[in-house]
A.B. asks: 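Before anything else, here's the structure in question.
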Amino acid sequence: MTAITAAPAGLNVRGAAALEARGVTLAYDKATIFENLDLRIEQGEVTTLIGANGSGKSTLLKAFGRLLAPSAGSVELGGQPLRSLNTRAVARELAILPQKPLTPSATSVRDLVSRGRHPHQSLLRPWTPADSTVVNESLAATGLTELADRDTASLSGGQLQRAWIALVLAQQAPIILLDEPTTFLDLTHQLDVLRLVRSINRERGATVVMVLHDLTLAGRYSDRLIVVGEGRVIADGSPWEVLTPEVLREAFDLEALVIPDPSSGAPLIVPVDPDRP
Ligand SMILES: Nc1ncnc2c1ncn2[C@@H]1O[C@H](COP(=O)(O)OP(=O)(O)OP(=O)(O)O)[C@@H](O)[C@H]1O
C-alpha cells in the first residue's frame, strides 16, 4: 500500500490541539453519555479510543466529527469552535468514517471514492486530472484498483469497508477519524489498513483518532490509548501505561495477562479463561 500526500492543515491556531472537547456534554434524548468532559487530541498522533460495548466511543468520535452536537460545552478544531465553521471547511480539515456509513445506491467503487474530492471542488475549481490521480492512488492503497468499476452493492462486507476507507483517504484531510475501520476485514486486511493508517500518520503527519475493539492491535498501532467507560475517561496514556490488568478488569470486566508481543514489543493481551486454569 502506498502513502498519499495531503494538503497542509489550514485551521491551526499555534499550540492548539488538533481537536479539543471543552466541558462537553453528549446526550441522546434524555440519556447523558458524557458530562462536562475535557479531552485534547494532539496533532500528529494516532489516538485510539477503546472501551466496552456501549461505553461511548462512537458518541465521542461523532462529536469530534461534528456528527453529534454537544448539548453543553464545545468541540474545537485547530482552536476554533466546530459549530462556527462551515461544512466544506470542516471537510477539508477532517475526514470521518462512521461506524455504519450509508452507501448510496447504483454507485461504482470509483464514484464512491471520488466523493472524497468534493470538499476540494467548487465552481472555480472543477475536477482536474490531479483529483483522478488521488482517487487512483486511494484505490491502489486499499487494494481496490481491480474492483473500481464494480457497483458497491455487489461488494463483500470487507471490500465495501475498504472502499469507504479509500474515500476517506481521497479526502486528504489532515485529521482522520475512523470508527472501527477493521470491521468485516480478515486479519491480513486489518493489518493492511492499520499499517496504511500508520504510514499516513508518519509520512504526512496526519492526526488519526480511531475506535478499535482489538486491544492488541490498538496497542501496536497507536501512540496513545484512551479508555472510556461509565461516562468518563478511565485511563489515558501510552499503550503500556494503559493496557494493564487493572484497567482491563475495570473497563472490560476482563481477567487478562499483558505480556510483550514477541513480534512488535507492544502489549499483547492474553485473556485468562477461568475454566481452564
Ligand atoms: N442514536 C442514539 N440514540 C439513543 N441512544 C444512543 C444512540 N446512539 C448510541 N446510543 C447509546 O449511547 C451509549 C453509547 O453508545 P456508543 O455507540 O457511543 O458506544 P460504543 O462504545 O461506540 O459501543 P460499541 O462498542 O458497541 O460500538 C449506548 O448506551 C447506546 O445505546
Side-chain angles (χ1 to χ4, degrees), residues 19-41 46-75 77 82-83 94-103 157-158 160-162 164-165 168 175-187 189-190 193-194 197 207-222 224-237 239 242-244 246-256 267 269 271:
L19 288 161
E20 184 165 7
R22 288 174 181 263
V24 156
T25 296
L26 301 173
Y28 301 102
D29 300 323
K30 291 198 175 69
T32 299
I33 313 301
F34 293 101
E35 200 162 5
N36 199 18
L37 179 75
D38 292 316
L39 192 60
R40 275 173 70 95
I41 301 296
V46 176
T47 300
T48 300
L49 306 176
I50 58 176
N53 286 140
S55 57
K57 304 177 295 294
S58 297
T59 300
L60 200 47
L61 202 76
K62 282 189 281 186
F64 280 136
R66 209 172 69 163
L67 300 180
L68 179 68
S71 42
S74 74
V75 177
L77 169 67
L82 264 181
R83 63 169 175 271
L94 186 152
I96 180 164
L97 173 66
Q99 195 174 34
K100 294 178 204 146
L102 215 58
T103 308
L160 184 60
Q161 181 74 358
R162 278 151 55 206
W164 277 102
I165 291 166
V168 166
I175 303 174
I176 298 175
L177 310 181
L178 302 166
D179 198 343
E180 299 189 32
T182 53
T183 310
F184 300 118
L185 302 184
D186 61 49
L187 188 53
H189 282 113
Q190 288 185 38
V193 164
L194 293 173
V197 165
T207 303
V208 179
V209 187
M210 307 189 268
V211 173
L212 289 180
H213 277 292
D214 187 312
L215 303 177
T216 297
L217 290 182
R220 190 191 276 202
Y221 289 100
S222 309
R224 174 185 177 196
L225 299 179
I226 299 173
V227 189
V228 296
E230 292 169 8
R232 65 189 178 88
V233 171
I234 292 176
D236 181 350
V242 163
L243 293 174
T244 64
E246 294 73 26
V247 170
L248 297 175
R249 197 173 295 129
E250 183 179 356
F252 297 96
D253 196 19
L254 175 73
E255 289 301 320
I269 313 302

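One-based numbering along the sequence shown. Read the numbers this way: they start at 1 and go in the same order the structure lists the ligands and their atoms.
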A.B. asks: What protein heavy atom sits nearest atom 2 (C) of ligand 1, and how far away is it?
C.D. replies: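 Going by distance alone, atom 2 (C) of ligand 1 is nearest to Tyr28 CD2, 3.4 Å.
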A.B. asks: Looking at ligand 1, would Gly56 count as a contact under a 4.0 Å heavy-atom criterion?
C.D. replies: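 Yes, that is the case, since the closest heavy atom of the residue is under 4.0 Å from the ligand.
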A.B. asks: With heavy atoms of Thr59 as the reference, note each atom of ligand 1 found under 4.0 Å away.
C.D. replies: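 Checking each atom against Thr59, I get 14 (C), 15 (O), 16 (P), 18 (O).
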A.B. asks: Is atom 31 (O) of ligand 1 less than 4.0 angstrom from some protein heavy atom?
C.D. replies: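 So atom 31 (O) of ligand 1 lacks protein heavy-atom neighbours under 4.0 Å.
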A.B. asks: Please indicate, with yes or no, if any protein heavy atom is found under 4.0 Å from atom 7 (C) of ligand 1?
C.D. replies: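 There is a protein heavy atom less than 4.0 Å from atom 7 (C) of ligand 1.
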A.B. asks: For His213, counting its heavy atoms only, list the atoms of ligand 1 lying under 4.0 Å from any of them.
C.D. replies: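 Listed by number with element: 25 (O).
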A.B. asks: Under 4.0 Å, counting heavy atoms only: does Ser55 come that close to any atom of ligand 1?
C.D. replies: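 Contact check Ser55 vs ligand 1: positive.
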A.B. asks: Out of all atoms in ligand 1, which are within 4.0 Å of some heavy atom of Glu180? Include the element for each.
C.D. replies: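 Once the distances to Glu180 are compared, the set is 27 (O).
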A.B. asks: Which option wins on minimum heavy-atom distance to atom 26 (O) of ligand 1: Asn53, Leu60, Val211?
C.D. replies: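 Going through Asn53, Leu60, Val211 one by one, Asn53 has the nearest heavy atom to atom 26 (O) of ligand 1.
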A.B. asks: Quick one: look up the protein heavy atom nearest atom 23 (O) of ligand 1 and list residue, atom name and how far away it is.
C.D. replies: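 Result: Gly54 N, 2.8 Å.
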A.B. asks: Under 3.5 Å, is there a donor on one side chain and an acceptor on the other for Tyr28 and Thr59?
C.D. replies: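 Side chains of Tyr28 and Thr59: pair found under 3.5 Å.
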A.B. asks: For atom 21 (O) of ligand 1, tell me which residue out of Lys30, Lys62, Lys57 has the closest non-hydrogen atom.
C.D. replies: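 Result: the heavy atom closest to atom 21 (O) of ligand 1 is in Lys57.
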A.B. asks: When you measure from atom 27 (O) of ligand 1 to every protein heavy atom, which one gives the shortest distance, and what is it?
C.D. replies: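 Result: Gln99 NE2, 3.0 Å.
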A.B. asks: What do we get for Ala52 next to ligand 1 when only non-hydrogen atoms under 4.0 Å count, side chain, backbone, both or neither?
C.D. replies: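 Ala52 to ligand 1: backbone contact only, side chain stays beyond 4.0 Å.
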A.B. asks: Looking only at protein heavy atoms, identify the closest one to atom 17 (O) of ligand 1 and say how far it is in Å.
C.D. replies: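 Ranking protein heavy atoms by distance from atom 17 (O) of ligand 1, first comes Ser58 CB, 3.7 Å.
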A.B. asks: If we ignore hydrogens and angles and just use 3.5 Å, is the side chain of Gln190 paired with the main-chain N or O of Leu185 as donor and acceptor?
C.D. replies: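 The answer is yes, because a donor-acceptor pair under 3.5 Å joins these two groups.
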A.B. asks: Check each of Leu19, Ile41, Thr207, Leu39 against Thr47 using the side chain to side chain contact (heavy atoms under 4.5 Å, CB included) test, and report the only one that passes.
C.D. replies: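 Answer to the side chain to side chain contact (heavy atoms under 4.5 Å, CB included) test with Thr47 among Leu19, Ile41, Thr207, Leu39: Ile41.
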A.B. asks: Below a 4.0 angstrom heavy-atom separation, can you tell me which part of Ile33, side chain or backbone, both or neither, approaches ligand 1?
C.D. replies: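 For Ile33, only side-chain atoms sit under 4.0 Å from ligand 1.
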A.B. asks: Ignoring hydrogens and geometry, is there a side-chain-to-backbone donor-acceptor pair from Asp38 to Gly23 under 3.5 Å?
C.D. replies: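 Flag set: sc Asp38 to bb Gly23 pair under 3.5 Å.
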